[in-house]
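Treat the numbers as computed from the prediction; the structure is a model and nothing was measured.
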Amino acid sequence: MIDISLKVLVVDDDPDILELLQYNLEGEGYQVFTAENGKIAVEKAKQHIPDLIVMDIMMPIMDGIEAGRIIKQLPELSKTYLLFLTARAEEYSEIAAFDIGADDYIIKPVKPRALLSRIKAMLKRELAETTGSEKIVIEDLTINKQNYSIAVNSNSWVLPKKEFDLLMFFVSNPNKVYSRDEILSNVWGRGIHVTERTVDVHIRKIREKIGDDYIRTIKGVGYLFANS
């Protein structure tokens with residue numbers, strides 16, 4: 001059973017889906033809140049500060065992408081995971097979701113047990129104590145593992161969780177080339193439905209903050225993190 005302190009906000013305009021997900025999540029011990037559109041989702045996210053938001057894309061009043069964009073810009077929600085659960089299977093929708101900082105993208109229909117397994121894997125870091133040094137310094141780059149922030153010279157940012165996970169994967173495995181498929185397997189996990197383009201989007205967003213010197217493109221192969 002999951003620690004009841006972990007909070008999940010489920011957002012969908014289909015009341016049957018809301019009821020089904022709420023029932024299954026509460027059965028696992030999560031504290032669950034629901035919203036039927038993106039505007040209400042933003043309000044409830046501010047109110048409850050959930051650990052995870054499971055959000056549909058196609059909704060009235062405010063769609064999931066716009067709601068997710070607003071949520072990801074709020075400092076108090078910087079550590080909140082954002083998982084899109086949607087019928088939109090087009091690649092451009094997936095790229096748009098990851099471009100605003102989504103941590104996962106799952107296409108409906110999905111079996112509740114499979115979704116719960118993905119959620120448990122996503123939140124397992126929240127159940128473990130932080131170990132090791134809180135800060136990593138590599139030349140002009142400082143990484144703070146406690147609050148998911150990075151600093152380069154006088155500039156600092158709080159990264160979305162998946163960007164931070166990706167950067168930490170590279171930092172933990174320096175000077176070694178990884179293909180996009182290997183990066184997906186190590187950072188997103190096997191069986192996760194995301195395209196290789198997702199890796200490129202996340203690396204582009206990290207480079208916008210830390211520059212192009214650290215994560216290098218090896219043409220025809222993949223990416224390498226150079227720390228020297």
Handout entry: Sub-6.0 Å ring centroid separation between Tyr223 and Tyr178
Key = no
Donor-acceptor side-chain pairing of [X] and [Y] below 3.5 angstrom:
X	Y	answer
Glu182	Ser185	no
Thr217	Arg207	yes
Ser149	Asn147	yes

Flag, side chain of [X] to backbone of [Y], donor-acceptor distance under 3.5 Å:
X	Y	result
Ser78	Pro75	yes
Asp103	Leu82	yes
Lys205	Asp200	no

Handout entry: More than 12 heavy atoms of other groups within 6.0 Å of Lys176 NZ
Key = no
Practice task
Taking atom CD of Glu19 as the centre, report whether more than 12 heavy atoms of other residues, nucleotides or ligands fall under 6.0 Å from it.
Solution key: no
Fill in the blank from the handout: Tightest non-hydrogen contact, residues Ile53 and Ala45, listed as CD1-CB, 4.1 Å
Exercise for the section: For the residue pair Phe225 and Phe170, categorise the inter-ring angle as parallel (less than 30°), tilted (30 to 60°) or perpendicular (more than 60°). Expected result: parallel
Assess whether a salt bridge exists between [X] and [Y], defined as any Lys/Arg side-chain N lying under 4.0 Å from an Asp/Glu carboxylate O.
X	Y	value
Lys46	Glu43	no
Arg197	Glu94	no
Asp51	Lys161	no

Handout entry: Residue pair Glu28, Lys120: steps toward the salt bridge (Lys or Arg N to Asp or Glu O under 4.0 Å) verdict
Key = CA-CA 10 Å; Glu28 290 295 318; Lys120 286 180 182 178; 3.1 Å; yes
Problem - Spacing of Asp165 atom CG and Asn186 atom CG [to the nearest 0.5 Å] - result: 11.5 Å
Fill in the blank from the handout: The single option from Ile61, Asp56, Asp63, Leu18 that satisfies side-chain contact (heavy atoms from CB on, under 4.5 Å) with Asp13 is Asp56
Completion exercise
Applied to residues 34-54, the ring-ring contact (aromatic ring centres under 6.0 Å, His included) test, sequence neighbours excluded, yields Phe33-His48
Problem - All side-chain contact (heavy atoms from CB on, under 4.5 Å) counterparts of Asp140, not counting sequence neighbours - result: Val152, Asn153, Tyr214
Practice task
Could you please spell out the steps behind the salt bridge (Lys or Arg N to Asp or Glu O under 4.0 Å) verdict for Arg204 and Asp99?
Solution key: CA-CA 10 Å; Arg204 173 177 59 80; Asp99 206 35; 2.7 Å; yes
